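The shown structure was predicted, so the numbers you read here are calculated from the model rather than taken from an experiment. Convention: sequence-line order gives letters A, B, ...; per-chain numbering from 1.
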Protein chains: 2
Amino acid sequence: MAVTGPDANPEAQTRDLPASKERLRMWLRMLKSTRRVEAALRERLRRDFATTLPRFDVMAALARYEDGLKMSALSGVLRVSNGNVTGIVDRLAEEGLVVRVQVPGDRRASLVRLTRKGQEVFAQQARAHEAWIGELLEDFTPEEARMFSDRFDAVTHKDEEDPA
Amino acid sequence: MAVTGPDANPEAQTRDLPASKERLRMWLRMLKSTRRVEAALRERLRRDFATTLPRFDVMAALARYEDGLKMSALSGVLRVSNGNVTGIVDRLAEEGLVVRVQVPGDRRASLVRLTRKGQEVFAQQARAHEAWIGELLEDFTPEEARMFSDRFDAVTHKDEEDPA
DNA sequence: CGAATATATTTCAAGCTCAAACCTTTTTTG
DNA sequence: CAAAAAAGGTTTGAGCTTGAAATATATTCG
């Protein structure tokens with residue numbers, strides 16, 4: 001706990017708030033920024049590709065693991081509930097973008113994989129997505145972006161998922 | 001557009017990626033961090049207060065505007081669709097945490113306000129919330145948190161909502 | 001004034017999300 | 001081996017979310 005007491009600095013400057021207030025402020029700003037970018041992405045994915053952010057997220061995860069992912073691994077990577085992924089994969093499968101492949105030795109599990117069509121569709125979306133992010137975060141220099149990445153990583157790496 | 005060309009730096013270091021890749025990386029980290037904190041908040045709000053993040057968000061907005069907010073202003077502040085707020089306010093009203101007050105001169109609009117009970121309930125939740133954020137973001141020093149706040153603000157302030 | 005337009009909000013359908021309950025299959029262990 | 005426990009997934013119920021359509025009231029302007 002690197003939390004300094006509520007009044008570690010009695011001679012506080014005008015705008016010097018206690019640590020918890022500063023962090024709260026940061027959180028609110030961070031949340032607002034994230035929502036703004038998410039909203040823009042969602043709108044553009046809908047407009048240009050008639051898809052949604054969760055679908056994009058699932059496809060992105062599958063694109064990173066070419067051998068496919070089990071449902072549980074998928075929900076682990078995306079950090080959403082397993083019941084959640086079921087529905088999204090169902091819909092993607094209906095459209096022929098992903099397939100569920102039976103795992104040889106285990107009749108419970110199935111491996112989800114992008115179809116060829118899924119790969120092609122995702123490649124287009126990913127290109128657009130990268131460009132959109134580049135634009136939405138254009139106020140951040142590459143160096144600054146790298147610094148932010150690294151700092152966020154510290155928070156994120158407190159416990160991590162890394163499926164086979 | 002402060003976007004340098006894809007190969008502005010031909011002598012790139014090992015880990016020096018083009019701007020759009022750096023920003024993409026930053027975005028993914030930022031999203032992951034945000035989701036992690038949101039998940040923790042959601043879980044704790046449920047466990048300790050039997051409430052949800054959207055409900056907390058609505059109450060937080062109303063707490064900031066003591067004179068109440070119109071539905072449209074509320075959805076503007078929270079940056080969610082107006083149809084969305086309707087349902088959340090409905091449920092909060094059922095529990096007596098907020099009220100809809102008729103606006104004198106306009107029979108279309110109504111002002112949403114925290115009830116006394118709502119104020120009391122929210123005060124407790126807000127205290128816990130601030131402590132949770134302080135803990136979840138303990139890796140960030142107050143100075144760092146301030147810096148992040150300011151940088152995010154730049155992105156956020158591209159267009160802003162500020163209701164009466 | 002009255003028609004067109006704009007504003008405030010709700011309703012709706014579809015999809016996302018979670019936690020909990022529930023199957024089924026596998027693994028553990030008494 | 002058989003019972004118990006664990007693991008992989010799906011279903012369910014409630015709530016959140018969006019964009020679009022619907023409703024009702026206000027305002028504009030011809």
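- Annotation: B:Phe122 is not in aromatic contact with B:Phe49 [ring centroid separation under 6.0 Å not met].
- Within the 4.0 angstrom heavy-atom criterion, no nucleotide atom of any strand lies near B:Arg47.
- For the contact set between residues 92-99 of chain A and DNA chain D, defined by any heavy atom under 4.0 Å, there are no members.
- A:Leu53 comes within 4.0 angstrom of nothing in the nucleic acid, heavy atoms only.
- Of the candidate nucleotides D:dG8, C:dA8, C:dC16, D:dG8 has the atom lying nearest to any side-chain atom of A:Ala109.
- A:Ser110 and A:Gln102 are not linked by any side-chain donor-acceptor pair at a separation below 3.5 angstrom, with hydrogens and angles left out of the test.
- Closest-nucleotide positions on DNA chain D for B:Asn84 and A:Ser72 were compared, and the one nearer the 5' end corresponds to A:Ser72.
- If you check every strand for non-hydrogen atoms under 4.0 Å, A:Arg35 touches nothing.
- When the nearest nucleotides of DNA chain D are assigned to A:Val103 and B:Arg108 by heavy-atom distance, the more 5′-ward of the two goes with A:Val103.
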Residue pair B:Met59, B:Leu114: steps toward the side chain to side chain contact (heavy atoms under 4.5 Å, CB included) verdict | CA-CA 7 Å; B:Met59 293 184 75; B:Leu114 285 182; 3.9 Å; yes
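- Below 30°, between 30° and 60°, or above 60°: for B:His129 and B:Phe56 the angle between ring planes is between 30° and 60°, a tilted geometry.
- The 12-atom threshold is not exceeded at CZ of B:Arg116, counting heavy atoms of other residues, nucleotides or ligands nearer than 6.0 Å.
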